[in-house]
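Since we're looking at a predicted model, the values are computed, not measured. Atom set for the values below is all heavy atoms of this structure, side chains included, hydrogens, waters and symmetry mates excluded.
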Amino acid sequence: MSDVSWTKQIQAAYTLAKERFAMPGVDTDAALERLAQIAISLHCWQGDDVAGFENPEGKLGGSIATTGNYPGKARNADELRRDLDKAYSLIPGTHRLALHGIYAETSGQRVERNKLQPEHFSAWVDWAKDRDHGLDFNPSCFSHPLADSGFTLSSYDAAIRQFWIEHCIACRKIGEHFGRELGSPCVTNLWIPDGFKDIPVDRKTPRLLLKDSLDAIFAEKLDPQHNLDAVESKLFGLGSESYVVGSHEFYLGYAVANDVLLCLDSGHFHPTEVISDKLSSVLLYVDEILLHISRGVRWDSDHVVILSDELRAIMQEIVRGGFLDRVHIGLDYFDASINRVAAWVIGTRNALRALLLALLEPIDQMRELEVAGDYTARLALLEEIKGMPFGAVWDYYCLRQGVPVGMGYMDDIREYERQVLAKRV
Ligand code: RNT
Ligand code: ZN
């Protein structure tokens, strides 16, 4: 089929879909306009299996692991930026990038993590400015000799704690710099791996130590127009199966008491526990949330995001609750067994598709039925809207945003693989 008739078909399908959605009162044009304003924060670490540039040959540590050795991973910042450019070009809309401390560019010099400065990220800032990507940031409290004991900010060793406190303070300042330079607040998210493989006798002291460390890190107030602090919990990790210092209760309490953002990672809870149900509760008590959208599979918390029921439920909660301006949507997964650019594109497109599905709900009608106690009609409607012509709206959005429609993006990725990734040996 020629490009012209393909385009005409997509437009014709959209016109029909628009009419169909108008029946229950949904305005598809308005939904697409809203979707175009939402920036998802892509995670730089999918591009190189969380290696970073400090010691790319070093072993990944800290209860996170990648499996697979798909060829073509980015070996330096230029390659990573090039891969990211390719990914963004296949995703509709304008999006952000989340960096990690270990992605500093130090011109071959060894710079300790507690000495990192904004200048070590200047190439990232130039790149982001050029492309209108906001930046988010993360201290890297893993894959480092001072994290080998399994403890960082909650270590019994004061010198170890101090090193990581200094690293986190340095990262907040870098985040503030990003926010100021780019005119959009940087969410600086703190996650630490601290925990025990086997049953501890003292669950209390490491938490007291972590609380003190956090107080030291956040002591200096930074302008929220430039930097927003977030804290991320976890239930268990590889090697910290029995006890994680920074649990959900720990950080929920900390976020409420100290007015910082709570980061909810969808892979960090019990396998049957979902974060979609937490949003409306947590947002009663904290101003803003950071999401790490991920996909847990058995013991892994970091599979590529698919258009699952839970992803849809998360986005429904955000849209139905009117929380779009209070929830920062970031991604967090790493799969080294498939094309890494495709992993970004597939996961991000799915996050956007779930958002669009949520924006296309006849929410007034749904709510009316619930308030009236008509649960029969509520169920019927919820099932009925699953069959609405959503795909036609999504295709049209991709077309209008100038990115490939449908599987078209895989042609670009295959070509990029041949031209660029395959040559990285
Ligand atoms: C780890 C956390 C954390 C990391 C990244 C690399 O369990 O989810 O967010 O995945 O910071
Ligand atoms: Zn995470």
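- Contact check for Val403 versus Arg349: side-chain heavy atoms found under the 4.5 Å cut-off.
- Here Arg400 pairs with nothing under the side chain to side chain donor-acceptor pair (under 3.5 Å) rule; sequence neighbours left out.
- Applying the salt bridge (charged side-chain N to carboxylate O under 4.0 Å, His left out) test to Asp302 and every residue at least two apart in sequence or in another chain returns nothing.
- At distances below 3.5 Å, at least one donor-acceptor pair connects side-chain atoms of Asn138 with backbone N or O atoms of Leu99.
- When all heavy atoms of Leu116 and Gly101 are compared, the closest pair comes out as CD1-O, 3.7 Å.
- With Asp83 as reference, Arg424 is the one residue of Arg424, Arg75, Arg340 to meet the salt bridge (Lys or Arg N to Asp or Glu O under 4.0 Å) rule.
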Report task. Give the intermediate values and the outcome of salt bridge (Lys or Arg N to Asp or Glu O under 4.0 Å) for residues Lys278 and Glu273. Result -> CA-CA 10 Å; Lys278 300 182 190 298; Glu273 187 178 0; 2.5 Å; yes
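- With rounding to the nearest 0.5 angstrom, the OH atom of Tyr396 is 7.5 Å from the OG1 atom of Thr15.
- More than 12 heavy-atom neighbours from other residues, nucleotides or ligands sit within 6.0 angstrom of CD on Glu415.
- Under the 3.5 Å distance criterion, the side-chain polar atoms of Glu105 are left unmatched by any main-chain donor or acceptor of Ala123.
- The shortest distance between side-chain heavy atoms of Ile306 and Leu311 does not fall below 4.5 Å.
- When each of Tyr156, Phe142, Phe196, Phe163 is tested with Phe151 by the rule ring pair (Phe, Tyr, Trp, His ring centres under 6.0 Å), just one qualifies, namely Phe196.
- Between Phe334 and His43, the ring centre distance reaches or exceeds 6.0 Å.
- Contact check on Arg82 versus Asp85 returns no salt bridge, with no Lys/Arg side-chain nitrogen under 4.0 Å from an Asp/Glu carboxylate oxygen.
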Donor-acceptor list for residues 166-174 side chains, cut-off 3.5 Å, not counting sequence neighbours:
residue, atom, partner, partner atom, Å
Glu166, OE1, Asn114, ND2, 2.9
Glu166, OE2, Gln162, NE2, 3.0
His167, ND1, Arg113, O, 3.0
His167, NE2, Ser140, N, 2.8
Arg172, NE, Asp229, OD1, 2.9
Arg172, NE, Asp229, OD2, 3.3
Arg172, NH1, Ile217, O, 2.9
Arg172, NH1, Glu220, O, 2.8
Arg172, NH2, Glu220, O, 3.0
Arg172, NH2, Asp229, OD2, 2.9
Lys173, NZ, Glu220, OE1, 3.3

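- In summary, Arg414 and Glu417 engage in a salt bridge, as defined by a charged side-chain N under 4.0 Å from a carboxylate O.
- Not one N or O on the side chain of Arg312 forms a donor-acceptor pair closer than 3.5 Å with the backbone of Ala354.
- Put simply, the side chain of Asp194 gets close to the backbone of Ser154: a donor and an acceptor are under 3.5 Å apart.
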Query - Evaluation steps, ring-ring contact (aromatic ring centres under 6.0 Å, His included), between Phe236 and Phe269 - result: CA-CA 8 Å; Phe236 73 91; Phe269 292 84; over 10 Å; no
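- Leu209 is listed as a side-chain neighbour of Arg161, based on a closest heavy-atom distance under 4.5 Å.
- Contact check for Leu32 versus Leu359: no side-chain heavy atoms found under the 4.5 Å cut-off.
- To the nearest 0.5 Å, the span separating CD on Glu79 from CG on Leu421 amounts to 9.0 Å.
- Using cut-offs of 30° and 60° on the angle between ring planes, the pair Phe121 and Phe178 is perpendicular.
- How far CD of Glu241 is from CD1 of Ile199: 11.5 Å, rounded to the nearest 0.5 Å.
- In this structure, the side chain of His133 engages the main chain of His95 through a donor-acceptor pair within 3.5 Å.
- Taking both residues in full, the closest heavy atoms of Trp344 and Ile91 are given as O-CD1, 4.4 Å, listed atom of the first, atom of the second, then distance.
- Remark: aromatic rings of Trp191 and His292 are distant, center separation not under 6.0 Å.
- Going from atom CG of Leu146 over to atom OG of Ser155 covers 9.0 Å, rounded to the nearest 0.5 Å.
- Enclosure of atom CG in Asp411 by more than 12 non-hydrogen atoms of other residues, nucleotides or ligands within 6.0 angstrom is indicated.
- Atom CG of Asp277 has 12 or fewer heavy atoms from other residues, nucleotides or ligands within 6.0 Å.
- Using a 4.0 Å cut-off between a side-chain N of Lys or Arg and a carboxylate O of Asp or Glu, Arg96 and Asp136 qualify as a salt bridge.
- Note on ring orientation: taking the six-membered ring where Trp is involved, the planes of Trp124 and Phe53 are parallel (angle under 30°, cut-offs 30° and 60°).
- Within the 3.5 Å criterion, the main-chain N or O of Phe137 finds no donor-acceptor partner in the side chain of Thr188.
- In this structure, the side chain of Ser294 engages the main chain of Asp332 through a donor-acceptor pair within 3.5 Å.
- The backbone N or O of Pro118 lies less than 3.5 Å from no partner atom in the side chain of Ser122, so there is not a single donor-acceptor pair.
- The environment of CZ in Arg298 is sparse: at most 12 heavy-atom neighbours from other residues, nucleotides or ligands sit within 6.0 Å.
- Contact record, Glu54 with Ser143: OE1-O, 4.3 Å, taken as the closest heavy-atom pair.
- Heavy atoms from other residues, nucleotides or ligands lying under 6.0 Å from CG of Leu284 number more than 12.
- Annotation: Tyr397 is not in aromatic contact with Phe390 [ring centroid separation under 6.0 Å not met].
- Atom CG of residue Leu97 and atom CD1 of residue Ile40 lie 13.5 Å apart, to the nearest 0.5 angstrom.
- Under the 4.0 Å criterion applied to side-chain N and carboxylate O atoms, Lys234 and Glu232 are not assigned as salt-bridge partners.
- A donor-acceptor pair under 3.5 Å is formed between the side chain of Thr7 and the backbone N or O of Asp3.
- Between Thr152 and Pro193 there is a side-chain heavy-atom pair separated by less than 4.5 Å.
- A 4.5 Å side-chain heavy-atom check between Leu324 and Leu355 finds at least one atom pair inside the cut-off.
- Counting all heavy atoms, side chain and backbone alike, Glu310 lies closest to Ser276 at OE1-OG, 2.8 Å.
- No more than 12 heavy atoms of other residues, nucleotides or ligands shown are found within 6.0 angstrom of CG on Asp259.
- Proximity of a side-chain donor or acceptor of Ser240 to a complementary backbone N or O of Gly237 within less than 3.5 Å is detected.
- Within 6.0 Å of CG in Asn69 there are 12 or fewer heavy atoms belonging to other residues, nucleotides or ligands.
- A salt bridge links Asp325 with Arg34: the closest approach of a Lys/Arg side-chain nitrogen to an acidic carboxylate oxygen falls below 4.0 angstrom.
- Taking 4.5 Å as the limit, every side-chain heavy atom of Cys263 sits out of range of all side-chain heavy atoms of Tyr251.
- Between the CD atom of Gln109 and the NZ atom of Lys115 there is a distance of 15.5 Å, given to the nearest 0.5 Å.
- The minimum heavy-atom distance between Trp45 and Leu331, with the atom names listed, is CZ2-O, 4.1 Å.
- In this structure, the side chains of Val244 and Leu235 stay at 4.5 Å or more apart for every pair of heavy atoms.
- Taking the six-membered ring where tryptophan is involved, the planes of Tyr254 and Phe218 are tilted, since the angle between them lies from 30° to 60°.
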